[in-house]
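A quick write-up on the structure given underneath.
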Amino acid sequence: MNILQALRGRFDAVLSTMVDETAPLLEMIRPASDTKFGDYQANCAMPLKKKLGRESREIAAEIVEKIDLSDMCEPLEIAGPGFINIKLKDAWIEAQLAAAVTDERIGVPLVAEPKKYILDFSSPNVAKPMHVGHIRSTVIGDSLANTLRFLGHEVITDNHLGDWGTQFGMIIYGFKHFRDNDAYAESPVAELSRLYREVRKIIDFVDGQKALPARKAKLSEMSAELEERKAAPSTGDKGADKKAAKELQKLERQANEASKELTKDQAKLAELAADPEFAKLAAEHADISSAVLNETAKLHAGDEENLALWHEFLPKCREDIQRIYERLNVKFDHELGESFYHDQLAPVVDSFIEQGFAKESEGALCVFLEGFKAPMIIRKKDGAFLYATTDLATIQYRMNEWRPDAILYVVDFRQGDHFEKLFAAAKKWGYTDVELKHVSFGTVMGEDGKPYKTRSGDTVGLEGLLDEAVSRAEKIVRSNDKDGLLSDEQYKDVAQDVGIGGLKYGDLSQNRETDYVFSYDTMLALRGNTATYMQYAYARSQSIFRNGEIDIAALRSSGAKICITSPAERALATKVLRLPEALQEMVADYRPNQLTIYLFEELAKAYSTFFEQCPVLKAETAEQKQSRLLLCDLTARVIQQGLALLGISTVDKM
RNA sequence: GCGGAUGUAGCUCAAUUGGAUAGAGCAUCGGUCUUCGAAACCGAGGGUUGGGGGUUCGAAUCCCUCCAUCCGCACCA
């Protein structure tokens, strides 16, 4: 049972006799901010003061007078300006616990009105190796899918793979010019990946060199302006002078930075140029950028050779990505990539033209949207389509095929503008009765506060990240096992769960909207809000059952009851029963960290206290022992279920 | 320049979306192992929630204004 929902229902019955709109007031019933106020609190009397023109304490008294909660709660108390404090009856809590013990869903009800969700997440480019930037989308999307499903919604997950873009033009170009046949036969994906990097390297070099003169000119322009400003006489106005000085400082900083960047890039280019082999290669492929675009265009136009290569490469690339998903234990219902929508793009554009939503501007076909300065371009002047076009086609397909109530896009916050336009365009196009939501997230930063990169400045590969997390986890697990609990092989398995779990939890416990600093040490820490800590709490419970030789499944069905005999037990019991609320909170704004907050801050903390204060196997009576065993079991099950929804496994020993 | 975000303890982050005394972890200091896993627990110090003004019973949260940082801004995704 969702206790908060139940309480709100009772309050609704009373409040609806006093005001018309009760929903916002019911929102103000929540878990108590401090246990000394009870278990829950209702803050709805204060805002009614103006509306009803009476003192808020008096209003609170009226609510308390009229409400019927005698079965669930102790008599309500009014505090301060009109807070209504709610304390559950121990007997009622015990009845809820008894129900949860024998319930597979540990008391989490299914939603009354299931909705159909499409979840669009992960969406890597299949032609390049997955990198650190894909963690968040993948992990957040997966946890939301799990949770929505568990609550009873219908969820369709769709990995919108980038399998049709310029990256394939690059691979095709590389394959045609630089391939090593033996290496390709040996390990095709590794060779394709090498080709991608090789082409990328040449493009960066060629483009970088081309851009140098302009950058130098810009820099000297900046220096000139700097000199000019420095020489500028005082205006006599103190405020204006101060402002000028500040602008000068800013300009100076910018110039310094630009100069530093330029020197750095120049050094890099010089280093490459110094390699005679590479220099020769670069000279031979001086027009590589346009050549790559040309290969891409040919692919899109149905060129036989390129299409054949694409068909050859694609399954191999997908297999490679699949390996990572297997390690992460993430599955998709569909993986309809960009290529899937290829032949739907022209009709989409035609539809926009026909309905008068799109018009040409500077050669490009644009959708002008109210409230946006720049239009959304759906066809380039060279006739090619863009990702905006694909995204529109995707919405159309999903609506026709699945008729969802909502489509969630778990994508980087930097694409916020794009999605706002996309959603506005979709609405204009007629898709008004679907919730389109950009579930955005911040950047993964390095310890230097800049986007996470390797020392040499490359993006960090996801696979290496997983390896590192697992190997560190193994070290930690080994060094902490003084009693030799585990065999060598078991260490390896546990390290997988702890390492991958730590990585996922580290991400999910962060508020998704802000950037966060990536640190192995923090996410694999034994203390604090980490997967390791939660997994440990679970393992500890299993250890008790082992030591006491308890058949916990039998005990669950034996009819034994949980009895509250101490404050620590009561505190833990009320937290255990809050799982449905925590899931509700998580899903309300698609924030997995709401669940981690509950698991750690509330449940695990209460469990620790209980563990310290209440002997289980050495309890005073047989009844108490059974009761506490069941409470441990219930807590462990909530932890296990909560972690499972986050995509994290538990282990019996660690 | 325009638009969007962010700014909370020394550090990394929370804060149930306007609620009671702003919380955790790390770090620092002090206490707890012959007793179910000390990988743990208990306690202490540490804050003008970037500055200033406003809205109200009540503000980290909403409004205004400065300051700082980050991101996006017409044919990449």
Side-chain angles (χ1 to χ4, degrees), chain A residues 4 27-28 30-34 36-37 41 43 46-47 49-50 55-56 79-83 85 123 125 162 165-167 246 338 361-366 372-382 384-388 390-391 411-418 420 440 442-443 447 449-450 476-477 479-483 485 509-511 513-517 519 521-522 525-530 532-533 535-537 539-548 581-582 584-585 588-589 593-594 596-598 600-601 605 608-609 611-619 628 632 653-654:
Chain A
L4 200 48
E27 288 286 306
M28 294 175 191
R30 48 187 56 162
S33 57
D34 191 311
K36 74 183 174 201
F37 301 133
Q41 64 184 54
N43 303 337
M46 285 85 80
K49 185 180 168 182
K50 266 208 182 125
E55 281 309 309
S56 47
F83 293 103
N85 290 332
S123 311
N125 238 300
T166 321
Q167 302 75 24
K246 205 167 240 173
E338 290 169 340
S361 166
E362 295 174 34
L365 195 69
C366 300
F372 296 93
K373 231 174 150 186
M376 185 171 78
I377 298 177
I378 56 175
R379 194 180 63 203
K380 298 201 281 183
K381 63 182 165 201
D382 67 4
F385 304 113
L386 295 103
Y387 78 137
T390 313
D391 281 351
V411 180
D412 193 331
F413 78 101
R414 282 173 296 194
Q415 293 193 38
D417 272 358
H418 164 67
E420 274 186 46
S440 73
T443 311
E447 310 225 15
K450 290 179 184 161
I476 291 170
V477 173
S479 70
N480 281 296
D481 180 10
K482 293 151 200 132
D483 308 325
L485 282 171
S509 59
Q510 230 63 36
N511 183 333
E513 293 206 298
T514 53
D515 298 342
Y516 81 97
V517 175
S519 155
D521 291 336
T522 309
L526 306 164
R527 299 151 189 249
N529 191 7
T530 61
T532 322
Y533 180 96
Q535 287 166 323
Y536 175 69
R540 227 173 160 189
S541 316
Q542 304 313 306
S543 161
I544 291 180
F545 304 148
R546 270 196 310 274
N547 287 338
E581 296 167 24
Q584 193 53 50
E585 271 164 27
D589 202 22
N593 72 317
Q594 295 291 353
T596 65
I597 288 169
Y598 161 75
F600 175 70
E601 207 89 21
K605 284 277 170 67
S608 288
T609 310
F611 215 77
E612 287 297 311
Q613 296 181 6
C614 305
V616 178
L617 295 176
K618 291 169 187 164
R628 287 179 176 173
C632 282
K653 289 185 197 172
M654 59 188 284

Base B:U56 paired with A:Lys49 side chain (donor-acceptor, <3.5 Å):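 Answer is no: no donor-acceptor pair is held.
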
Distance-only donor-acceptor test (3.5 Å): side chain A:Asn85, base B:A20: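 Such a pair exists between side chain and base.
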
What contact category does [X] fall into here, base, sugar-phosphate, or nothing, at under 4.0 angstrom with non-hydrogen atoms?
| X | result |
| --- | --- |
| A:Thr522 | nothing |
| A:Cys632 | nothing |
| A:Gln415 | base |
| A:Lys36 | base |
| A:Gln167 | nothing |
| A:Phe600 | sugar-phosphate |
| A:Gln41 | base |
| A:Asp382 | nothing |
| A:Asn125 | nothing |

Value in whole Å for how far the [atom2] atom of [N] lies from [atom1] of [X]:
| X | N | atom1 | atom2 | answer |
| --- | --- | --- | --- | --- |
| A:Asn593 | B:U12 | CG | C1' | 14 Å |
| A:Asn43 | B:G18 | CG | P | 13 Å |
| A:Tyr516 | B:A14 | OH | P | 11 Å |

With rounding to whole Å, what would you report as the distance between [N] and [M] at their [atom1] atoms?
| N | M | atom1 | value |
| --- | --- | --- | --- |
| B:G46 | B:A24 | C1' | 14 Å |
| B:U61 | B:A20 | P | 13 Å |
| B:G45 | B:C26 | C1' | 15 Å |
| B:C57 | B:C13 | C1' | 32 Å |
| B:U28 | B:G10 | P | 16 Å |
| B:U65 | B:A5 | P | 14 Å |
| B:U34 | B:G25 | P | 25 Å |
| B:G54 | B:U12 | P | 33 Å |

Geometric class of the A:His418/A:Tyr387 ring pair [parallel <30°, tilted 30-60°, perpendicular >60°]: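 Aromatic pair A:Tyr387/A:His418 classed parallel.
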
Opposite nucleotide pairing with B:A40, Watson-Crick or G-U, both atom distances under 3.5 Å: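 Partner of B:A40: B:U32.
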
Contact under 4.0 Å: A:Arg414 side-chain N or O vs B:C70 OP1/OP2: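 Indeed not, no polar side-chain atom of A:Arg414 lies that close.
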
Phosphate OP1/OP2 of B:A15 contacted by A:Asn511 side-chain N/O (<4.0 Å):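 Answer yes for this pair, as a side-chain N or O of A:Asn511 is under 4.0 Å from OP1 or OP2.
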
Base orientation of B:C13, syn vs anti, 90° cut from 0: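 Because its glycosidic torsion lies more than 90° from 0, B:C13 adopts the anti conformation.
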
B:U35, syn or anti by chi within 90 degrees of zero: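 B:U35: anti glycosidic orientation.
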
Distance flag, aromatic centroids of A:Phe83 and A:Phe37, threshold under 6.0 Å: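 That pair fails the under 6.0 Å test.
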
Side chains of A:Tyr516 and A:Ser509, donor plus acceptor under 3.5 Å: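 Looking only at side-chain atoms, A:Ser509 and A:Tyr516 do not form any donor-acceptor pair under 3.5 Å.
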
Exercise: do A:Asp417 and A:Gln415 side chains pair donor with acceptor under 3.5 Å: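 No, no side-chain donor-acceptor contact under 3.5 Å.
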
